[in-house]
Peer 1: 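Here you go, one structure.
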2 protein chains.
Amino acid sequence: MSPKSFLGEFEQMVLLAILQQKDRAFALEVRREIEGSADRAVSRGAFYTTLDRLEKKGFVEWEEAEADVTGRASALRRFAVTEAGLSALRESRRAFDALSRGLDGVLREEGA
Amino acid sequence: MSPKSFLGEFEQMVLLAILQQKDRAFALEVRREIEGSADRAVSRGAFYTTLDRLEKKGFVEWEEAEADVTGRASALRRFAVTEAGLSALRESRRAFDALSRGLDGVLREEGA
DNA sequence: GGTCCGTCGTCTACATTGTAGACGGATGAG
DNA sequence: CTCATCCGTCTACAATGTAGACGACGGACC
């Protein structure tokens with residue numbers, strides 16, 4: 001009865017990035033957060049598609065913000081992770097932590 | 001120039017599970033390790049297919065072991081994570097750690 | 001005020017990864 | 001010898017990851 005479908009790699013990243021931004025999770029910043037942390041480009045398509053699927057699953061939600069903050073209405077959607085999303089994230093985390101137990105040494109080596 | 005394709009969720013699990021078993025990473029045990037840690041069933045198909053792709057990418061390799069350990073030759077393939085695999089794993093880890101920075105509190109809450 | 005430009009978000013299409021179950025070969029039991 | 005199992009392979013399909021084309025909006029510039 002455990003969740004059948006896990007969060008994908010990228011989905012998790014998006015969720016985490018939103019959480020990082022807390023209450024100011026605007027699309028642009030979330031995207032930047034991911035690009036910065038993961039050190040790779042994130043195309044708009046990849047980003048929004050994932051966001052869409054996440055919303056369809058009820059893991060994120062958003063609200064339109066006042067349009068006057070930057071004068072650009074379209075850029076002002078604020079995202080948030082739902083309880084369900086948080087829960088799924090924790091579940092994935094748990095599994096990874098369990099699987100990583102005792103491997104910190106191996107995983108931390110940075111090679112030459 | 002950073003790696004274009006990331007490790008998938010399940011791929012990472014498999015890699016970690018192999019590492020857990022160290023030098024005794026037989027298919028069966030690796031599979032058990034995952035099922036135990038992730039608390040979900042792992043079908044043979046999913047498992048071997050992933051292993052196959054991982055090998056094609058050069059992230060894991062295996063060797064046939066002597067057939068007399070348990071008397072079952074087919075079950076004696078020993079898997080190992082390659083340097084490239086380890087490297088990819090670390091890369092993914094790094095990204096996740098960065099994205100998770102400061103979120104331990106949120107992620108650790110266990111609800112009710 | 002009209003035109004050009006850059007940015008945002010949407011959409012379509014396709015590649016990669018995730019997953020299940022059918023299938024065949026091999027082994028040990030009876 | 002026949003049966004019941006278990007392992008690993010294979011096929012087929014679902015879900016996730018990704019890029020770029022497209023249209024809309026607002027600002028800059030003339």
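Protein chains get the first letters and strands the later ones, always in sequence-line order, with residue 1 at the start of each.
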Peer 1: Side chain of B/E9 only, heavy atoms from C-beta on: which candidate in D/dG17, C/dG18, D/dT9 is closest?
Peer 2: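 The closest nucleotide is C/dG18.
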Peer 1: Within this structure, what is the CG-CG distance for the pair A/L107 and B/L15, rounded to the nearest 0.5 Å?
Peer 2: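 Nearest 0.5 Å value for the CG-CG distance: 9.5 Å.
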Peer 1: Whole-Å distance between D/dT16 C1' and B/E11 CD?
Peer 2: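 It works out to 12 Å between those atoms.
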Peer 1: Where the side chain of B/R44 is concerned, which of D/dA19, C/dC8, D/dG8 is the nearest nucleotide?
Peer 2: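 Nearest nucleotide to the side chain: D/dG8.
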Peer 1: Determine whether the side chains of B/E9 and A/Q12 contain a donor N or O and an acceptor N or O closer than 3.5 Å.
Peer 2: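 Yes, a side-chain donor-acceptor pair sits under 3.5 Å.
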Peer 1: Let me know the distance between CG of B/D52 and P of D/dC7, rounded to the nearest Å.
Peer 2: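 Interatomic distance, CG of B/D52 to P of D/dC7: 18 Å.
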Peer 1: Between C1' on C/dT19 and CG on B/L51, what's the gap in Å once rounded to a whole number?
Peer 2: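 Distance, rounded to whole Å: 15 Å.
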Peer 1: Go through C/dT17, D/dG8, D/dA19 for me and flag the one nearest to the A/A46 side chain.
Peer 2: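 Given the options C/dT17, D/dG8, D/dA19, the side chain of A/A46 is closest to D/dA19.
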Peer 1: Check this for me: does any side-chain nitrogen of one of A/R32 and A/E35 sit under 4.0 Å from a carboxylate oxygen of the other?
Peer 2: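 Looking at A/R32 and A/E35, the cut-off is not met.
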Peer 1: Write down the distance between CZ (A/R40) and P (C/dT16), rounded to a whole number of angstrom.
Peer 2: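 These atoms are roughly 15 Å apart.
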Peer 1: From the list C/dC11, C/dA20, D/dG8, which nucleotide is the closest neighbour of the side chain of B/S43?
Peer 2: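 In terms of side-chain proximity for B/S43, the closest of C/dC11, C/dA20, D/dG8 is C/dA20.
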Peer 1: Is the phosphate of D/dT9, meaning OP1 or OP2, less than 4.0 Å from a side-chain N or O of B/R77?
Peer 2: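 Looking at the OP1 and OP2 atoms of D/dT9, one of them is under 4.0 Å from a side-chain N or O of B/R77.
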Peer 1: With a cut-off of under 6.0 Å to the ring centre and 45° to the axis, is B/R77 in cation-pi contact with B/W62?
Peer 2: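 Here B/R77 passes the 6.0 Å and 45° test against B/W62.
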Peer 1: Which listed nucleotide (D/dT18, D/dG8, C/dT19) is nearest to the side chain of B/T50?
Peer 2: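 Of D/dT18, D/dG8, C/dT19, C/dT19 is nearest to the side chain of B/T50.
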Peer 1: Confirm from the modelled atom types if B/R31 and D/dG8 form a donor-acceptor pair under 3.5 Å, side chain to base only.
Peer 2: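 Flag unset: no donor-acceptor pair detected.
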Peer 1: In this structure, how many angstroms lie between the P atom of D/dT18 and the CE atom of A/M13, rounded?
Peer 2: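 Those two atoms, CE and P, are 8 Å apart.
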Peer 1: So, do B/L89 and B/F59 sit near enough that their side-chain heavy atoms are less than 4.5 Å apart?
Peer 2: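 The answer is no; the side chains never approach within 4.5 Å.
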Peer 1: Does A/K57 put a side-chain nitrogen or oxygen below 4.0 Å from OP1 or OP2 of D/dA15?
Peer 2: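 No.
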Peer 1: Taking CZ from B/F47 and C1' from C/dT17, how many angstroms apart are they, rounded to a whole number?
Peer 2: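 So the two atoms are 16 Å apart, to the nearest Å.
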Peer 1: Could you state the atom-to-atom distance from CG of B/L7 to P of D/dT18 in whole Å?
Peer 2: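 Answer to the nearest Å: 12 Å.
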Peer 1: Whole angstroms only, please: what is the OH-C1' distance between B/Y48 and C/dG24?
Peer 2: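 Taking OH of B/Y48 and C1' of C/dG24, I get 15 Å after rounding.
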Peer 1: Assuming nearest nucleotide by heavy-atom distance, tell me which of B/F10 and A/G45 is located more 5' along DNA chain C.
Peer 2: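 On the 5' side of the pair lies A/G45.
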